[in-house]
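Read through the structure below, which is laid out as structure tokens, and then see the notes.
Treat the numbers as computed from the prediction; the structure is a model and nothing was measured. These numbers come from the heavy atoms of this one structure, side chains and all, not from hydrogens, waters or symmetry mates. Convention: sequence-line order gives letters A, B, ...; per-chain numbering from 1.
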There are 2 protein chains.
Amino acid sequence: MHRFSKKVSMTVVKRLPKYYQYLTDLQLNDIEKISSRELASLMGLTASQIRQDLNSFGGYGQQGYGYNVSELRNAIKDILGLDYEYSCIIIGAGNMGHAIANYERFRREGIILKGVFDVDPLRIGTVVGSVVVKHMDELEEFVSQNEIDVCILCVPREVGQQIANQVTSFGIQGILNFSPMDLEVPKGVEVENVNITDSLFTLTYRLKDYKISTEDNPETSDD
Amino acid sequence: MHRFSKKVSMTVVKRLPKYYQYLTDLQLNDIEKISSRELASLMGLTASQIRQDLNSFGGYGQQGYGYNVSELRNAIKDILGLDYEYSCIIIGAGNMGHAIANYERFRREGIILKGVFDVDPLRIGTVVGSVVVKHMDELEEFVSQNEIDVCILCVPREVGQQIANQVTSFGIQGILNFSPMDLEVPKGVEVENVNITDSLFTLTYRLKDYKISTEDNPETSDD
DNA sequence: CTCTATTTTATCAAAATTTATCAAAAAATG
DNA sequence: CATTTTTTGATAAATTTTGATAAAATAGAG
């Protein structure tokens, strides 16, 4: 099996969830096969890129036919690691923590919420997404008794790094980081950032850009 | 006047918010100047890339000195369009809508929340992030009376496209989309997606990847 | 005021990514 | 059953992005 023989670039990996999403939709609509050309038009990519992307994991397509939707979907599901069930905890039971805890999609794909932690006495003991919020003091013992794969960090910037230090020292290897900052983590720990502010700012950039390029005479003078 | 003469790639633009963040932190720590080498080490980039990135907007640095922190920060702030005040509305007053509405950082950078809309009778009339939730039926009139730059979409997948159609037909040009789907929008409308599921899945990919690659070969790579 | 150490800017080379092309395989057609 | 059409996978070409370095400019020391 050559599937994991050569390293696939992160550029390609970042597109995989989108493939997975579209294939899931196609399957839900009882569509059995799809060609790279059709999928490209659907997703707004080039057919060539799709073939190249998919082929970096193995030959899932068939010449003259295309790709079998459910087969390809299953393959990508496995490639994304979704054939495995992940245990996760959420740290920070604020609005963002709530939002994630109640995100149905995560559970459906096998990401199981095992605990929610906070330091605010008003939050501790309340139920968030079917689990009872515990105090951070209980985190270490909890992690030692439950194998936790992923920590979803929804805490303020000021404490993000400190909590990341804690959870990694307890052995957690994956962090989905909603705190608006970069984290320094030990080798072997994977961090994926969701930086809402950064996203908003690229939007404002594009809005401004559009305004300027559509104005005839920009009078931008600063010195 | 070469500043807006050649188009800057999205790859570079996506790094700007991060520069802005780091420069803000430096300024807060009363650091007046910084060289590309220092900033590179701080941010985990190469000095060369930083120089190239910054120079694509203009000569903010000074040879033999480096970059003046507050000057560069202001420049990037303007480049990101943050010299302008944006009016925004949130559609969907669920947990995610709440989370965004209470995000202090947005207001601080000049993104002003003007309204929150939903269809759930239980939510209408409640206060979210200092504004009262209105029914979607009031959206059109509200938008016509208040110039709204950005719509933050926090609604379920099923209604995302339909609501995007509405808001764009009312003249809104920018959408920050938290609904887990791609949106089709008229030309001139800018959409920035924040897809939490996609982020989680790239994390699970990397977790699995790491597991597999360390089973036989305990060599690790860093970026 | 001159000299040296820094550090940007501009340029070029290298690496990575995307797109295009095409032979080979499979399916569809008649 | 031969022929045409479709479509992949592989390779090549084009484009974009990154990294390295020489040239130019500045600060600071003496």
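Salt-bridge annotation for B:Glu192 and B:Lys14: present, with a side-chain N of the basic residue lying under 4.0 Å from a carboxylate O of the acidic one. Taking 4.0 Å as the cut-off between side-chain N and carboxylate O, B:Arg157 and A:Asp25 count as a salt-bridged pair. Between A:Arg108 and A:Glu104 there is no salt bridge, since no side-chain nitrogen of the basic residue lies less than 4.0 Å from a carboxylate oxygen of the acidic one.
Counting to the nearest Å, the P atom of C:dA27 and the OH atom of A:Tyr67 are 15 Å from each other. Summarising the geometry, the separation between CD on A:Glu38 and C1' on D:dT7 is reported as 10 Å, rounded to the nearest angstrom. When rounded to the nearest whole Å, the span between NZ of B:Lys14 and P of D:dT17 equals 12 Å. A:Asn68 has its CG atom 15 Å from the C1' atom of C:dA26, to the nearest Å. Rounded to whole Å, atom C1' of D:dT8 lies 13 Å from atom CG of A:Leu72.
For the pair A:Ser199 (side chain) and A:Asn195 (backbone), a donor-acceptor distance under 3.5 Å is present. In terms of modelled atom types and a separation under 3.5 Å, the side chain of A:Gln27 and the main chain of A:Val69 share no donor-acceptor contact. A donor-acceptor pair is defined here as one N or O able to donate and one able to accept, closer than 3.5 Å; no such pair exists between the side chain of B:Gln49 and the backbone of B:Thr46.
For the 3.5 Å distance criterion, the side chains of A:Asn177 and A:Asn193 qualify, holding a donor opposite an acceptor. B:Asp182 and A:Tyr22 share a side-chain donor-acceptor pair at under 3.5 Å.
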Could you pull out the protein-nucleic contacts involving nucleotides 27-30 of chain D (nitrogen or oxygen on both sides, under 3.5 Å)?
none

Check nucleotides 17-21 of chain C for protein N or O atoms closer than 3.5 Å to its own N or O atoms and list the pairs.
unit_1	atom_1	unit_2	atom_2	d
C:dT17	OP1	A:Thr11	OG1	2.6
C:dT17	OP2	A:Ser9	OG	3.4
C:dT18	OP1	A:Arg15	NH1	3.1
C:dT18	OP2	A:Arg15	NH1	3.4
C:dT18	OP2	A:Arg15	NH2	2.9
C:dT18	O5'	A:Gln49	NE2	3.4
C:dT19	OP2	A:Thr46	OG1	3.2
C:dT19	O4	A:Gln52	NE2	2.5
C:dA20	N7	A:Ser48	OG	2.7
C:dA20	N6	A:Ser48	OG	3.1

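The side chain of A:Tyr60 contributes no N or O atom lying less than 4.0 Å from OP1 or OP2 of D:dT7. An OP1 or OP2 oxygen of D:dA10 is reached within less than 4.0 angstrom by a side-chain nitrogen or oxygen of A:Asn55.
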